[in-house]
Amino acid sequence: MDLFSPDPAWAKARIAELTERLNAANHAYYVMDAPSMSDYEFDTLLAELAELEREFPDYVSPHSPTQRVGGAPIRNFVTVLHARPMLSLGNTYTKADLAEFDARIRRLTEEPYTYVCELKYDGVSISLHYENGALVRAVTRGDGRQGDDVTANIRTIASIPLKLKGSDYPSSFEIRGEIIMPHKVFHALNAKRKEAGEPPFANPRNAASGSLKLLDPRQTAERRLDCFLYFLLADEYEADTHLHSLEKAAEWGFKTGSYYRECADIDAVMAFIDEWDKKRLDLPFDIDGVVLKVNQKRLWPVLGETVKSPRWAIAYKFKAQQVKTRLLDIGYQVGRTGAVTPVAHLEPVALAGTVVKRASLYNADNIEKMDFRKGDTVLVEKGGEIIPKIVGIDLSRREPDGEAYRFADACPECGTKLLRKEGEAGYYCPNDDHCPPQIKGRLEHFISRRAMDINTMGESKIEVLYEQGLLGTIADFYDLDYRTLYGVEGGEHAADGNRRVVTLRDRSVRNILAGIEASKQKPFEVVLYALGIRFVGEVTAKSLARHFGDIDALMAASKEDLLQVEDVGEIIAQSVLDYFAKPEHRALIARLKAAGLQFATAYTNERPEGVLTGTVWTVSGVFSRSRDEMKALIEANGGKVGSGLSRNTTFLLAGDNMGPEKRKKALALGIEMIDEAAFFEKIRQAD
Ligand code: IVH
């Protein structure tokens, strides 16, 4: 035996022992919320296990805690048919409806029954399959009939057992539940995204959904998702009641939560609902209601189901939380493009777990329509989204001499007189070159992921460098060097009240400079988008770059020339002309050119001939591949990707979580909607 390496038989046993101990510790921590070992001990044992596994790869168990995040990113999710359709639940919002649901059951059966009340987790439903106690497959709900195989991502969720406990589980079964993102994780994720210039998720549900659709399980692992299980489908296992299946599932290691309760009758159900309508604010995750299920499983086939939902269960949905408070004042925020958004300052009031001090008022039209007076008592609502909105005014409490609000005349940041363009709902500050939020906004836009993608910078660093006078225009990025950056220090009072302090030391300075250097390789169309010319989004930037080929041709273009470009109408053409008419902007381009940025492209607007030739597409929602990949597929097949829904759009490629407004608009314009499956079908005809 080699003196320095362990005996294989011993290693095999030790690997098995460590695997089991660490899995038990994980279960205690993530499922039971009752840690059984210290972080230090856990990390030490995990390191020992990983070391042994490296030396004896043959003994690695697929259930080892080291095997949660496996393999490389995948290219595509595989579609899987559900063995039994994943039904949804009927919704009610009133107790009268619940009483009717109960009365109906009594009409259908004379047998005694009870209910199990559960929380209605506000996440994404999932179906898990176990064979001989091991997790073999996890599938999203999809359209209820078929979903995506997301096993690799689901394995990264620490509260989902890879191997079940005990031995009395069925050899093959399915269990369904909800993937959620806890509030704490959600807020941290959004803060990080904001810092990186990425759009924040509107709510934890969208964040959970987006996280499951990531193609790289390592990224999903970072999202720290959680999962509650609430529905066991196992022919082999004869539980008489739903309550018993939940208890069994918990014994096998699933997280069923401790929130459910058996209720003897509908009155007890109502009491459960009232209790949770209050207590939900203290939960560390979102719920949007309560689910009640008939407990006695033999009644399920008697009560039956519709195509959409079972008749033995129903969801009671909580109303969006509302409170009344006083409107103290209306303030204004100036965005990157100079758009001025009105914000209501409210008397602080507790609502849905947070203290609300502000609400968005959208735009000037909305203010006129609502006709606010100073001191009005307003009704504030917080639904699934983070930012509360004002849904009404209590006119009975209006003071007779309250002053009406007029939209601000001048920019609150720089004092310039505001302008409103014909036909637009909002005002804007025209002082784009000297208004501070516009300057910072342009810098942030320039480094953002879809623009130059200088992810080593971020909002707070930009703020500090701007404060210190080191950054004023986007060309200044390329003058930064080690000596100027090293030791720079500063901070800001962020909107959340915390002061963020930035001190640049060796590592961050090197990172920043490397990020800036790498950005010089970004293609012309990206640079053009990054400039932040009003109305020139990614699609237009691409068209312009490919039409003119280089910046000199673009700068020399007349209005007629510009109008020749696809997607470019009067407004965009004028905006491009205005931009390049300014000597400052021409000087800026000259500096960026000297710094080595790309200002020419070999690509042209000519598209390959294909099945999609002649069609114009808008892409919206979440797909199994990134939106960029979907767009590239459209273009590769001869189609064109437009910048938004308009009369010229032929198809709306609709993914998951698409907003209802898009759908409405598409319907109104008579645009055909196509889902991912139908799209792939369409381009497959090409082969
Ligand atoms: S039971 C046949 N229980 O709500 C039973 N669903 O609106 C089907 N949900 O698709 C589901 N919490 O994603 C059930 N405790 C719970 C739930 C729950 C959340 C979700 C689930 C379902 C949707 C129906």
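As the structure is a computational prediction, the values presented were derived from the model and not from experiment. Note that these values count all heavy atoms, side chains included, but never hydrogens, waters or copies made by symmetry.
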Sidechain-backbone polar pair: [X] side chain, [Y] backbone, donor-acceptor under 3.5 Å:
X	Y	value
Arg442	Asp432	yes
Thr649	Phe651	no
Tyr427	Phe407	no
Asp476	Gly472	yes
Glu178	Gly123	yes
Ser575	Arg534	yes
Arg224	Met181	no
Asp394	Ser396	yes
His585	Tyr579	yes
Thr220	Leu212	no

Ion pair check, [X] and [Y], cut-off under 4.0 Å:
X	Y	answer
Arg373	Asp371	yes
Lys95	Asp274	yes
Lys559	Glu570	yes
Asp122	Arg280	no
Arg450	Asp628	yes
Asp656	Lys213	yes
Asp433	Lys582	yes

Could you tell me the separation between the [atom1] atom of [X] and the [atom2] atom of [Y], rounded to the nearest 0.5 Å?
X	Y	atom1	atom2	value
Ile474	Leu592	CD1	CG	5.0 Å
Ile390	Leu327	CD1	CG	5.5 Å
Phe580	Arg586	CZ	CZ	8.0 Å
Asn363	Ile367	CG	CD1	8.0 Å
Ser519	Asn455	OG	CG	11.0 Å
Tyr428	Thr416	OH	OG1	11.5 Å

Check your understanding: Honestly, is Arg205 close enough over Phe186, meaning NZ or CZ under 6.0 Å from the six-membered ring centre and within 45° of the axis?
Key -> no
Exercise for review: Cation-pi check, Arg193 to Phe201: give yes when NZ or CZ is under 6.0 Å from the six-membered ring centre and within 45° of the ring axis, no otherwise.
Suggested key: yes
Count the heavy atoms of every other residue, nucleotide or ligand shown that sit under 6.0 Å from [atom1] of [X], and state whether that count exceeds 12.
X	atom1	answer
Lys279	NZ	yes
Leu419	CG	yes
Glu403	CD	no
Lys662	NZ	no

Practice item. Evaluate the criterion side chain to side chain contact (heavy atoms under 4.5 Å, CB included) for residue pair Gln322 and Lys382; output intermediate values, then yes/no. Key: CA-CA 7 Å; Gln322 295 187 334; Lys382 205 157 121 182; over 6 Å; no
Sub-4.5 Å side-chain heavy-atom contact between [X] and [Y]:
X	Y	result
Asp365	Met370	no
His345	Ile330	no
Phe477	Ile462	yes
Lys417	Cys411	no
Leu351	Glu381	no
Asp286	Ile180	no
Leu528	Leu544	yes
Leu554	Leu562	yes

Please name the pair of heavy atoms, one in [X] and one in [Y], separated by the smallest distance, quoted to 0.1 Å.
X	Y	result
Phe623	Val619	CE1-CG1, 3.6 Å
Phe285	Pro182	CB-CA, 4.3 Å
Val488	Gln468	CG1-CG, 4.2 Å
Gly490	Val464	C-CG2, 3.7 Å
Thr456	Lys461	O-NZ, 3.7 Å
Cys227	Ile126	SG-CG2, 4.2 Å

Parallel, tilted or perpendicular, judged at 30° and 60°: which one describes the rings of [X] and [Y]?
X	Y	answer
Tyr529	His445	perpendicular
Tyr121	Phe228	parallel
Tyr316	Phe318	perpendicular

Practice item. Please lay out, stage by stage, how Glu222 and Ser211 fare under the test side chain to side chain contact (heavy atoms under 4.5 Å, CB included). Key: CA-CA 9 Å; Glu222 285 171 18; Ser211 305; over 6 Å; no
Exercise for review: Given salt bridge (Lys or Arg N to Asp or Glu O under 4.0 Å), test Arg261 with Glu275 step by step and report yes or no.
Suggested key: CA-CA 12 Å; Arg261 183 192 300 160; Glu275 184 182 326; 3.0 Å; yes
Exercise for review: Show your working on side chain to side chain contact (heavy atoms under 4.5 Å, CB included) between Asp226 and Ile179 and close with a plain yes or no.
Suggested key: CA-CA 6 Å; Asp226 204 343; Ile179 306 289; over 6 Å; no
Check your understanding: For residues Ser209 and Asn206, is any side-chain donor paired with an opposing acceptor at under 3.5 Å?
Key -> no
Exercise for review: Give a yes-or-no answer on whether the side chains of Asp567 and Thr540 include a donor-acceptor pair shorter than 3.5 Å.
Suggested key: no
Check your understanding: Can you check side chain to side chain contact (heavy atoms under 4.5 Å, CB included) on Val356 and Leu346, steps first, answer last?
Key -> CA-CA 7 Å; Val356 174; Leu346 305 168; 3.9 Å; yes
